[in-house]
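To keep things clear, I will list the structure first and then write my remarks on it.
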Amino acid sequence: MPTEERVTFCRICEPLCGLRATVRDGELVKLRPDPDHPLSKGFACAKGIAMTEVQNDPDRVTQPLRRGPDGSFERVSWDQALDDIGERLRTILEQRGGGGSVGWYFGNPSAFSYSHPLWVKGFMDAIGSRHLYGAGSQDVNNRFVASQLLYGSPLVVPIPDLERTDMLLIVGANPLVSHGSVLTAPRIKDSLRNIQARGGRVVVIDPRRSETARAFEHIAIRPDADAWLLLSLLQVIFADGLEDERALRVQASGGETLRALVADHPPEATEAATRIPAAEVRRLAHALASARSAAVYGRTGSCLGRHGTLVSFLLDALNVVTGNLDREGGAIFGTGPIQLEGLLHRLGADSYDTSRSRIGDFPEVIGTLPASLMAEEITTPGPGQIRALFVSAGNPVLSVPNGDELECALSELELMVAIDLYITETSRHADYVLPATTFLEREDFPLAFLTFSTAPFAQWTEAAVEPRGEARQEWQIIDAISSRVGVTPASAWPLRALGRVGLRLSPRRLLDLGLRLGPKGDLFGLRRGGLSIAKLRRHPHGLRLGARHPTGVLDRKVFHADKRVHLAPDAIVAEVAALARQNGRDPHFPLRLIGLRELRSHNSWMHNVPKLMAGDRVHAARVHPDDARARGIADGDTCRIVSAAGAIELPAKITDEMTPGVVAVPHGWGHGNGGGRVAAAAGGANVNLLASTAPQDLERLAGMAFLNGIPVRLEPAAGA
Ligand SMILES: Nc1nc2c(c(=O)[nH]1)N[C@H]1C(S)=C(S)[C@@H](COP(=O)(O)OP(=O)(O)OC[C@H]3O[C@@H](n4cnc5c(=O)[nH]c(N)nc54)[C@H](O)[C@@H]3O)O[C@H]1N2
Ligand SMILES: Nc1nc2c(c(=O)[nH]1)N[C@H]1C(S)=C(S)[C@@H](COP(=O)(O)OP(=O)(O)OC[C@H]3O[C@@H](n4cnc5c(=O)[nH]c(N)nc54)[C@H](O)[C@@H]3O)O[C@H]1N2
Ligand code: SF4
Ligand SMILES: [Mo]
């Protein structure tokens, strides 16, 4: 029995920690952290290690499945599945007005594959469909729109220079649990501790005393009030003459307009909205402006409110105004071995607002539309009505607002195909569930995360194990479906032209080209020691491409014609005005609901791993003791949370880590009938039934769902 150890890396979340896989007879026996990975240096979290159980899960889908009239699934061959899908898709394309009748939702795990998103986008471009949806409209799209406004490209996103900064201001992120996001920083806990160890500060703005807030300095804020705080920080900096005049003159335009825009928002005026004492805001503004270097960083807690684009924008504006953008220890720009921003810019793929959604008139963001609109796009007749839907690596019934509405809509489709590891709350509605490989079963390169890495770095991995059963990679499945409808899944026309004469590039060939012709490439032999896949294969633990990211690169990163960061675009001026008009409190819904991530969950999946579910793990709402007492709710009681959109019931966990008036509920639970037997038994409630899909409730600039700060009321469950 040959036992082998193979080097690879984790692709569940963004640090991409190095792993060693023990493989016996082609089967995965064990995963452990890779001590020789230059960045993660022997760290991996419980989820990464538990991927062994997902890989070998008896509940995993490993054969193509077809749904019968009674809703149960039967095994079919790949050819049966693909031929039938191809034929039905061809009919829909011919009879329902072409590509506009076909939708695709690709979920979070797709971003961790170098091939999957390229092939999805390529397929949608090839059939001429704009109905592309993803997790981004519940996650990060307003961060991209803020970058479009600031830098002229949605893909230019600065990262905090964790290794050198003297002060890190975290607004709405919990990296001790999430392990960092839009930031590839393995061992981030150590990085944050080191900031303190060298005499610096880490300040966390969060309505909950999160794991990160607990470990560092915490300032509690009322949910969905960050825009007010950031306006006030800027106001104090300008009013007290603390702005970096040189940075404003050399790097930016619109500084004077921004100064005028924030002038009406001193901390005393925003205190009621944020519930942060004005004196504390003043102290924070002075500390930020006077730190030798400082970086302001925000993530989902700053993105999922009603003004997420404005909040993301103001985070970067603070970096500019304090002179910390593109500077050591500030917010810096990562440089990767492939110049992806430039490449996609030339292809026009870094788009924003080049077209608008049929329902609600929302701008596309890098080619994707708000997933909250999917249900209505399926059920609303007329040209462009979605009749066929593909879902790959996503579970929108749980992750997008109002899963009930989406479930009803899915049943009206003429064709639905899911590509997943499990029969989930979403994929159980599909006519076919096609078995995907896990990340351990595919070769890979972290294409989407190159510029977010705290260190210049590249790693290639081959598949660590053979696919189980008949699982296939997404791009292979997309290729097979494309052939059956006569298209080449590629976004760039030269690739489509090659396809027409029978030449198709594999993702491996495409990536190798990108690496070899990239800024560090071997130029096919012209640059000695340059990069290629072959070169990366000789460094299986990954290759550091430099000690640090260079600073002073702003002129290469800004795509605006004037090469300046735009600090006061019209869209932002209008958002500040809209913020001021935001209506006050609804006495029916006096509390605010926020989200929560847990160490042993990953969005809606991994709930089928017994080890991660061990103990008495249940889905619970975190409630402050005062709020619980006022409603007669005791610890463990079932409580009812009601919003304007819906209601859920789940146990209450009473904890003073909450700010009074705020309730926190993790998303991704509510597995009545999906995700495997352990997950289904764990159940929980779908918190997104409390969120709204109504177009007027989505953020205007990015079409993002409003998921943090939802007005709710809390009561004991009937009969509890
Ligand atoms: N209320 C609330 N809602 C939220 C959020 C929140 O904070 N609060 N967060 C949002 C965010 S940030 C995100 S990213 C989304 C996530 O939402 P989604 O991306 O829609 O869903 P996931 O729960 O990540 O589900 C991923 C699915 O992919 C499958 N899968 C895993 N690996 C692979 C693979 O390699 N290939 C394929 N084909 N399938 C695979 C899993 O079995 C699972 O069914 O949720 C969003 N929803
Ligand atoms: N263990 C684990 N890790 C994960 C995931 C997971 O499900 N489990 N999901 C992955 C994904 S898809 C993503 S996108 C990342 C997200 O990464 P993070 O954004 O770092 O993760 P969260 O834990 O959601 O942190 C958001 C924080 O914002 C706070 N918050 C909520 N509302 C507000 C508000 O209005 N203002 C402010 N200032 N704060 C607010 C919350 O209390 C929470 O502590 O995590 C990734 N990592
Ligand atoms: S922190 Fe994320 S990348 Fe690292 S082992 Fe855990 S799940 Fe995998
Ligand atoms: Mo996410």
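Numbering starts at 1 and runs along the sequence shown. Atoms within each ligand, like the ligands themselves, are counted from 1 in listed order.
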Electrostatic pair Glu441:Arg60 at N-O distance under 4.0 angstrom: yes
Side chain or backbone of Ser399 under 4.0 Å from ligand 1, or both, or neither, by non-hydrogen atoms? both
Note: Ala393, heavy atoms under 4.0 Å from ligand 1, region reported as both
Quick check on Phe112 - does any of its heavy atoms sit under 4.0 Å from an atom of ligand 1? no
Which part of His667 is near ligand 1, with near meaning a heavy atom under 4.0 Å away: side chain, backbone, both or neither? side chain
Over-ring placement of Arg299 relative to Tyr297, 6.0 Å and 45° cut-offs: no
Residue pair Gln138 / His667, side-chain donor-acceptor N/O under 3.5 Å: no
Check: Tyr105 N/O within less than 3.5 Å of ligand 1 N/O: yes
What are the atoms of ligand 1, with element, lying closer than 4.0 Å to any heavy atom of Tyr422? 42 (O)
Checking contacts here: is it the side chain or the backbone of Leu398 that comes within 4.0 Å of ligand 1, counting heavy atoms only? Could be both or neither. neither
List every atom of ligand 1 that sits less than 4.0 Å from any heavy atom of Pro109, numbering the atoms from 1 in the order shown and giving each element. 24 (O), 26 (C), 28 (O), 30 (N), 31 (C), 32 (N), 33 (C)
I'd like to check which ligand 1 atoms, numbered from 1 as shown, lie under 4.0 Å from a non-hydrogen atom of Ala436. 36 (N), 37 (C), 38 (N)
Regarding atom 35 (O) of ligand 1: of the candidates His116, Arg442, Met606, which has the closest heavy atom? Arg442
Considering only heavy atoms of Thr424, which atoms of ligand 1 have at least one such atom less than 4.0 Å away? 44 (O)
Has Asn673 got a side-chain atom pairing as donor or acceptor with Glu425's backbone, closer than 3.5 angstrom? no
Does any N/O atom on Asp420 come nearer than 3.5 Å to any N/O atom on ligand 1? yes
Any donor-acceptor pair under 3.5 Å linking the side chain of His218 with the backbone of Asp206? yes
So the atoms of ligand 1 within less than 4.0 Å of a heavy atom of Leu707 turn out to be 2 (C), 3 (N), 4 (C)
Could you tell me whether ligand 2 has any atom less than 4.0 Å away from a heavy atom of Arg600? no
Show the atoms of ligand 2 that are less than 4.0 angstrom away from any heavy atom in Ile205. 37 (C), 38 (N), 39 (N)
Protein heavy atom at shortest distance from atom 11 (C) of ligand 1: Arg597 NH2, 3.6 Å
Ignoring angles and geometry beyond distance, decide whether Asn174 reaches within less than 3.5 Å of ligand 2 through its nitrogen or oxygen atoms. yes
Is the closest basic N to carboxylate O distance between Glu598 and Arg622 below 4.0 Å? yes
How far apart are the closest heavy atoms of Leu176 and Leu192, and which atoms are they? CD1-CD1, 4.0 Å
Arg306/Glu575 ion pair, N-O < 4.0 Å: no
Pick from Asn708, Leu596, Asn603: the one approaching atom 24 (O) of ligand 1 most closely through a non-hydrogen atom: Asn603
Examine Asp206 against ligand 2 and note whether any of their N/O atoms are separated by less than 3.5 Å. yes
Within the structure, is a non-hydrogen atom of Gly305 found at a distance of less than 4.0 Å from ligand 2? no
His602 heavy atom under 4.0 Å from ligand 2: yes
Mark the output for Thr437 as yes if a heavy-atom distance to ligand 1 is under 4.0 Å, and as no if none is. yes
Atom 25 (O) of ligand 1: of Ser604, Gly107, Ala471, Ser392, the nearest heavy atom sits on Ser604
The atoms of ligand 1 lying under 4.0 Å from a heavy atom of Glu474, numbered in the order shown, are 34 (C), 35 (O), 36 (N), 37 (C), 38 (N)
Sub-6.0 Å ring centroid separation between Phe123 and Trp104: yes
With respect to Arg208, determine whether any N or O atom, backbone or side chain, lies less than 3.5 Å from an N or O atom of ligand 2. no
For Asn108 and ligand 2, does the shortest N/O to N/O distance drop below 3.5 Å? no
I'd like to know if Asp316 and Arg143 make a salt bridge, using a cut-off of under 4.0 Å between side-chain N and carboxylate O. yes
With ring centroids as reference points, do Phe112 and Phe449 lie under 6.0 angstrom apart? yes
Hey, which atoms in ligand 1 end up nearer than 4.0 Å to a heavy atom of Asn688? 1 (N), 2 (C), 3 (N)
Using a strict cut-off of 4.0 Å, indicate which atoms of ligand 2 neighbour a heavy atom of Ser601. 1 (N), 2 (C), 6 (C), 7 (O), 8 (N)
Can a non-hydrogen atom of Lys47 be found less than 4.0 Å from any atom of ligand 2? yes
Should Asp224 be counted as touching ligand 2, given the test is an N or O pair under 3.5 Å? yes
